[in-house]
A.B. asks: 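Handing you a structure now.
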Amino acid sequence: HQYHYHNLDRYQDVGIYQCMAYNTVGAILSRRASLQFAYLDHFKVHTRSAVSVREGQGVVLLCGTPTHSGDLTYAWVFNEYPYFVQQDNRRFVSQQTGNLYIAKVEPSDVGNYTCVVMNSITKGKVHSSPTSLILRTDGVMGEYEPKIEVNFPDNVPAAKGSTVTLECFALGNPVPEITWKRANGVPFPSKVKMKYSNAVLEIPSFQQDDTGGYECVAENKMGKNTATGRLAFYAKPQWIQTMKDTALAIEERLYWECRANGKPKPSYTWLKNGQQLLSEDRIHVEDGVLSVSALTLSDAGMYQCVAENKHGVIYFAAELMVLASPPDFTGNVLRALLKAKAGTTVTLECKPQAYPIASILWKKGNLPIHTNDSIAKSYGTLRLANVSKSDAGSYTCFARNRFGMSSTTGRLLVTGKQERATVPQGLDMEIIVGESIVLPCQVASDPVLDVSFSWAFNGHLIAKGDGHFELVGGVTGDLMIRNIQLYHAGKYICVVDTDVESLSAVAVLIVKGSPSPPDSVTVEEVTDSTAQLAWSPGRGNGSPITNYLIQTRTPFTVGWQRVNTVPEIIDGNTLTATVVDLNAWVEYEFRVLAKNSVGVGEPSPVSVKTRTEDAVPDAAPGDVGGGGGSRSELVITWEPVPEELQNGESFGYIIAFRAFGEVSWTHVATSAPGASRYVYRNDSIAPFSPFHVKVGTYNSKGQGPFSPVVTIYSAEIEPSGMPAGVWARSVSASEIEVNWQALSFTPERVLGYEVVYWEDDTKPETMGKVRVPWNQTSVTVSGLAGNTQYFLTVSAFNTAGTGPFLPAINVTTKKPPPAQPPLNVEWTLIGFQLSLYWEPVLAMESEQSEMIGKGTLNTLTTTNSTAELTLPGDDDDYIIHIQTLSEGGLGPASDPIQIHQLSKLVVHWVVVIVWLNKKSVQLSL
């Protein structure tokens, strides 16, 4: 149930609350809930006095934190937002006092300082009035030994698993160096972090081993000073022993004990139906133990054990039921007919349900049964040893208490000794989920006996038709279990029934699988880089859990990622861990997976989304560059910092730049987190002037790091000179070669030359351009139309654009070659003499035809439609093409002619056939 408060008052409604739940059984109290209000009042509005110090002197600027409730964080602004004081070995902002400490004042420290306080819960933020820091003119402070101004208490209590932060900072000249050590001399473990030039010692996931003395040493060449203190371990109570819901008979004695761990040791109280119990009469309460003698019906109800120390209180509840009823044999009567072999032992059980316990009387027929050598009685049990035919008959058990009496009757039939049956001994088996197994069951019996087999699993008869189970033995009772699952683990009993007895064999089946998912993943404590998790274990599923794995997911990751933890390896008995190396101000989800010898199980349910605390940015923008732009501009670009690395709200960039030779930087801030470009305009900027540039970051917590300094040039102006001596000639139907003279001198930078070409002003779609480097004075423009006039200009260019050019020149490309290849090519070969014939190609003007033997360097050119050539006397094969040739270049080639070595070997025979049947020769060749 939830209770909603409206119009809360932070003075009247603060306090401890508890909820009581009750029904007809009783009542219990909830755990205690503490209601507090987080707030942060404004600073008192008044002008703060200026602080006057000598250069070299140390100074403390007081924040004067206003009235508040809830954790606070502090930062200081220097002169104006967002220029925060950068903490280093000389300057420190204490998160305990809120004050700003400057170990040694320098002239650059002069200015106005404003304390910024933020409530970590409400996120409310207030600013103090500025405090002016000025330098005195009566000299410089001399050197002096360190004076520790920020230290930690003599005794610091710390909870298990929490993050402990110790501060230590000293004033001094020269600036002191801070070091830390433990009183016992043991080195710090790897999880311990030093921050802000060692002014802060941070211990994540605090454990018992971390307790003890700690020492901070501040030292310079003038001397040293130390501060010491102790870390004490404390823990809230945790249950190690609790009671269970209990049902006892009236007049019996109740004994309950509960135990809890904790430091300091917890104290205990007991509640009944929400009211505290004290020792009196039948009730005794002492140190976690509750005993009640001679229970009555009025003792029934809900009880709670409460364990408490100064760090916490826990409750555990259980129900006590007090029972009173006459004897009842329902569900537990004697068998109507019990068969037994002569010579065996028969046990008859009489176990009525009775509160208080009933007295028992046995009768055979109408006669009471007395004990002798073969008859033994204990409460509710009658044992007949070495039975014979005379023991057969009717047996009755009578039960009586003060609330009434009841009885049950059964008949014993004794058979001869000739029957016998045996079964194998029980066995234990281990198997992995998904496998199959056969459980054997056999019996040796007299052939005259009817034998039947049945199997029980964890006390329940296995029914036919279950897809996992099948009897496969035929004359035996072997049971096959297919595709075993975790729920098949347990005790299997093979029952062999004959006319006279029932035998059984037990097999314990251990099924192993990967662990069940852990549960109840909670985030208990969060810093800017860590999160402490706790969870409850899942089942080991037949194999103990060996270790746990933690995964996390953020809006910036693809799927789930493994994370680093303290401890690095989380063993199966550990249910808490601290996730480290997280990004500040990022919303995380966590899940936990368990591992055993079989494998890794399914993940736990996802934790509630939790955002890490904010922090000063620790990432600088990358890939800082720039250049270009328009006249009188300095263009600065950078790679923006990803959102997951911005570490807090109000993220922005600080752009710093200065011209070569200047000492001071110009700073400009932009509050756009996604910004990647800044343009500085000033008419005084000379073209292509070098600047030193760096880009930093800031957020609501303070200023982050700057990128490395890079050199960027201001915008240049386009070249003023014009290339001279421009001329061009047509190389082919699709190419024009353009030439010019390089610029001998120009005050502007020249990166290269640009050739622009077009057909005429009415065809802008024909315009094209080609660029070449500055050391090149010619270029061939290709991809042009044949027999077409083109206009061309040449100009120099740089990053600012292209310069002027001379009036355009014009050149006409050559006519294209004929588009038709030579047709009807014929050839004859006599010896090594090859004759070629083809039909002339008709074109607008005279062309030449060219015969090319590919694979050689020989080219034959002729204006005729025939050609004669002598082939070399080697063993090579030849491929011959015939093409047209004109000023515009080569036309398409004829189909290839292949001349093989075989042609030359049978040359005389070929000649004969040529003359006899020319057509045949063409086809044969």
A.B. asks: Looking at Lys193, I'd like to know if its NZ atom is crowded, meaning that more than 12 non-hydrogen atoms belonging to other residues, nucleotides or ligands lie closer than 6.0 Å.
C.D. replies: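 Buried by this count: over 12 neighbours within 6.0 Å.
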A.B. asks: Taking atom NZ of Lys123 as the centre, does the number of heavy atoms from other residues, nucleotides or ligands within less than 6.0 Å exceed 12?
C.D. replies: yes
A.B. asks: Under the salt bridge (Lys or Arg N to Asp or Glu O under 4.0 Å) rule, collect the residues that match up with Glu639, sequence neighbours excluded.
C.D. replies: none
A.B. asks: Using the side chain to side chain donor-acceptor pair (under 3.5 Å) rule, take Asn79 and Asn112 through it: C-alpha gap first, then chi angles, then the decisive distance, then the call.
C.D. replies: CA-CA 5 Å; Asn79 287 334; Asn112 293 322; 4.6 Å; no
A.B. asks: Indicate yes or no: does Glu568 engage Lys191 in a salt bridge with an N to O separation below 4.0 Å.
C.D. replies: no
A.B. asks: Which of parallel (below 30°), tilted (30 to 60°) and perpendicular (above 60°) describes Phe188 and Tyr214?
C.D. replies: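 Rings of Phe188 and Tyr214: parallel, under 30°.
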A.B. asks: Assess the side chains of Ser205 and Gln207: does a donor N or O sit below 3.5 Å from an acceptor N or O?
C.D. replies: yes
A.B. asks: Could you check whether any side-chain heavy atom of Leu171 comes within less than 4.5 Å of a side-chain heavy atom of Pro146, counting everything from C-beta outward?
C.D. replies: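 No, too far: nothing below the 4.5 Å cut-off.
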A.B. asks: With ring centroids as reference points, do Tyr39 and His68 lie under 6.0 angstrom apart?
C.D. replies: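 Ring-ring flag for Tyr39/His68: false, centres at least 6.0 Å apart.
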A.B. asks: Is there side-chain contact between Leu231 and Phe206, with heavy atoms separated by less than 4.5 Å?
C.D. replies: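 Yes, at least one pair of side-chain atoms sits under 4.5 Å.
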A.B. asks: Let me confirm one number: the CD1-CG distance from Ile121 to Leu72, rounded to the nearest 0.5 Å.
C.D. replies: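 One finds 9.0 Å between CD1 of Ile121 and CG of Leu72.
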A.B. asks: State the CD1-OG1 distance between Ile654 and Thr670, to the nearest 0.5 angstrom.
C.D. replies: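 It comes to 10.5 Å.
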A.B. asks: Is Lys125 atom NZ crowded by more than 12 heavy atoms from other residues, nucleotides or ligands, each under 6.0 Å away?
C.D. replies: yes
A.B. asks: Against Glu308, only a single residue in Lys236, Arg32, Lys265 fulfils salt bridge (charged side-chain N to carboxylate O under 4.0 Å, His left out); can you say which?
C.D. replies: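 Looking at Lys236, Arg32, Lys265, the match for Glu308 under the salt bridge (charged side-chain N to carboxylate O under 4.0 Å, His left out) is Arg32.
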A.B. asks: Checking the side chain of Thr610 only, and the main-chain atoms of Val608 only, is there a donor and an acceptor separated by less than 3.5 Å?
C.D. replies: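 It does hold such a pair.
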A.B. asks: Between Lys701 and Glu649, is there a side-chain N and carboxylate O pair less than 4.0 Å apart?
C.D. replies: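 No salt bridge links Lys701 with Glu649.
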A.B. asks: Within a radius of less than 6.0 Å around CD of Glu177, do more than 12 heavy atoms belonging to other residues, nucleotides or ligands occur?
C.D. replies: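 Counting other residues, nucleotides and ligands, CD of Glu177 stays at 12 neighbours or fewer.
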A.B. asks: Can you tell me how far the OG1 atom of Thr552 sits from the CG atom of Asp581, to the nearest 0.5 Å?
C.D. replies: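 Taking OG1 in Thr552 and CG in Asp581, the distance rounds to 12.0 Å.
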A.B. asks: About how many Å separate OG of Ser267 and CG of Asn309, when rounded to the nearest 0.5 Å?
C.D. replies: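 The CG atom of Asn309 sits 8.0 Å away from the OG atom of Ser267.
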A.B. asks: Ignoring hydrogens and angles, tell me if any N or O in the side chain of Trp535 forms a donor-acceptor pair with the backbone of Val592 under 3.5 Å.
C.D. replies: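 Flag not set: sc Trp535 to bb Val592 has no pair under 3.5 Å.
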A.B. asks: Is it the case that Thr228 and Glu215 place a side-chain donor and acceptor less than 3.5 Å from each other?
C.D. replies: no
A.B. asks: Do Gln703 and Pro82 have side chains that approach each other closer than 4.5 Å (heavy atoms only, starting at C-beta)?
C.D. replies: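 No, their side chains stay 4.5 Å or more apart.
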A.B. asks: Would you say Thr612's side chain and Val586's backbone share a donor-acceptor pair under 3.5 angstrom?
C.D. replies: yes
A.B. asks: Check whether any side-chain heavy atom of Pro642 sits under 4.5 Å from a side-chain heavy atom of Phe556, and report yes or no.
C.D. replies: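 A side-chain contact is absent here, since even the closest heavy-atom pair is not under 4.5 Å.
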A.B. asks: Testing the 3.5 Å rule here: is there a donor-acceptor pair between the side chains of Tyr653 and Ser671?
C.D. replies: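 Ser671 and Tyr653 do not have a side-chain donor-acceptor pair below 3.5 Å.
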A.B. asks: With heavy-atom distances below 4.5 Å as the criterion, would you say the side chains of Leu35 and Tyr17 are in contact?
C.D. replies: yes
A.B. asks: Begin with the C-alpha distance, continue with both residues' side-chain angles, and end with the deciding distance and a verdict on side chain to side chain donor-acceptor pair (under 3.5 Å) for Ser94 and Glu167.
C.D. replies: CA-CA 7 Å; Ser94 170; Glu167 294 184 343; 2.5 Å; yes
A.B. asks: Could you check whether any side-chain heavy atom of Phe691 comes within less than 4.5 Å of a side-chain heavy atom of Phe660, counting everything from C-beta outward?
C.D. replies: no
A.B. asks: Hey, is CG on Asp41 packed in by over 12 heavy atoms from elsewhere, all under 6.0 Å?
C.D. replies: yes
A.B. asks: If only atom types and distance count, is the side chain of Asn119 paired as donor or acceptor with the main-chain N or O of Ser69 below 3.5 Å?
C.D. replies: yes
A.B. asks: Hey, is the main chain of Tyr144 close enough, under 3.5 Å, to the side chain of Asn173 for a donor-acceptor pair?
C.D. replies: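 No; zero donor-acceptor contacts below 3.5 Å.
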A.B. asks: Quick one: do Glu106 and Lys104 satisfy salt bridge (Lys or Arg N to Asp or Glu O under 4.0 Å)? Show the steps, please.
C.D. replies: CA-CA 7 Å; Glu106 296 179 355; Lys104 174 189 171 187; 5.1 Å; no
A.B. asks: When you check the side-chain N and O atoms of Asn647 and Asn699, is any donor under 3.5 Å from an acceptor?
C.D. replies: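 On atom types as modelled, these side chains do not qualify, holding no pair under 3.5 Å.
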A.B. asks: Under 6.0 Å between ring centres, would you say that holds for Tyr81 and Trp76?
C.D. replies: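 No: the rings miss the under 6.0 Å criterion.
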A.B. asks: Whether the side chain of Ser607 engages the backbone of Val521 through a donor-acceptor N/O pair (distance < 3.5 Å, no angle test) should be reported.
C.D. replies: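 No; judged by distance alone, with no hydrogens or angles, the pair does not exist.
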A.B. asks: Okay, side chain of Trp560, backbone of Phe590: is any donor-acceptor separation there less than 3.5 Å?
C.D. replies: no
A.B. asks: When rounded to the nearest 0.5 angstrom, what is the spacing between CG in Asp209 and CD1 in Ile203?
C.D. replies: 11.5 Å
A.B. asks: Is there a donor-acceptor pair under 3.5 Å between the side chain of Glu145 and the backbone N or O of Asn220?
C.D. replies: no
A.B. asks: I'd like to know whether CZ of Arg31 has more than 12 heavy-atom contacts from other residues, nucleotides or ligands below 6.0 angstrom.
C.D. replies: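 No, CZ of Arg31 has 12 or fewer neighbouring heavy atoms, counting only those of other groups under 6.0 Å.
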A.B. asks: So, does Ser129 use its side chain to make a donor-acceptor pair with the main chain of His46 at under 3.5 Å?
C.D. replies: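 Side chain of Ser129 to backbone of His46, a donor-acceptor pair under 3.5 Å: yes, one is there.
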A.B. asks: Students often mix this up, so state it plainly: with edges at 30° and 60°, are the rings of His667 and Phe706 parallel, tilted or perpendicular?
C.D. replies: perpendicular
A.B. asks: For Trp638, is the NZ or CZ atom of Arg677 found under 6.0 angstrom from the centre of its six-membered ring and inside 45 degrees of the ring axis?
C.D. replies: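 Output no; distance or angle outside limits.
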A.B. asks: Around atom CD of Gln561, are there more than 12 heavy atoms from other residues, nucleotides or ligands closer than 6.0 Å?
C.D. replies: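 Yes.
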A.B. asks: Please work out whether the ring planes of Phe92 and Phe169 are parallel, tilted or perpendicular, with thresholds of 30° and 60°.
C.D. replies: parallel
A.B. asks: Decide side chain to side chain donor-acceptor pair (under 3.5 Å) for Asp88 and Ser197; before the verdict, give the C-alpha distance in whole Å, the side-chain angles of both, and the deciding distance to 0.1 Å.
C.D. replies: CA-CA 6 Å; Asp88 50 27; Ser197 301; over 6 Å; no
A.B. asks: Does the side chain of Lys195 come within less than 4.5 Å of Glu202's, by heavy atoms?
C.D. replies: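 Result yes, sub-4.5 Å side-chain heavy-atom pair found.
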A.B. asks: Should Glu55 and Arg136 count as an ion pair when the cut-off is N to O under 4.0 Å?
C.D. replies: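 Arg136 and Glu55: not salt-bridged.
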A.B. asks: Looking at Asp109 and Val105, would you say the former's side chain and the latter's main chain have a donor-acceptor pair under 3.5 Å?
C.D. replies: no
A.B. asks: Could you pull out all residues at least two apart from Tyr315 that satisfy ring-ring contact (aromatic ring centres under 6.0 Å, His included)?
C.D. replies: none
A.B. asks: Using the six-membered ring wherever Trp is involved, compare the ring planes of Tyr680 and Tyr678 and label them parallel, tilted or perpendicular (cut-offs 30° and 60°).
C.D. replies: parallel
A.B. asks: Considering residues, nucleotides and ligands other than Ile134, do more than 12 of their heavy atoms fall under 6.0 Å from its CD1?
C.D. replies: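 Above 12, so yes.
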A.B. asks: Kindly say whether the aromatic ring centers of Tyr698 and Phe651 come within a distance under 6.0 Å.
C.D. replies: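 Here the rings of Phe651 and Tyr698 have centres that are no less than 6.0 Å from each other.
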A.B. asks: If the threshold is 4.0 Å, N to carboxylate O, is there a salt bridge linking Arg591 and Glu589?
C.D. replies: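 No, Arg591 and Glu589 are not salt-bridged.
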A.B. asks: Could you work out, with salt bridge (Lys or Arg N to Asp or Glu O under 4.0 Å) as the rule, every residue matching Arg54, not counting sequence neighbours?
C.D. replies: Asp138
A.B. asks: Would you say the side chain of Val200 lies within less than 4.5 Å of the side chain of Thr165, judging by non-hydrogen atoms?
C.D. replies: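 A side-chain contact under 4.5 Å exists here.
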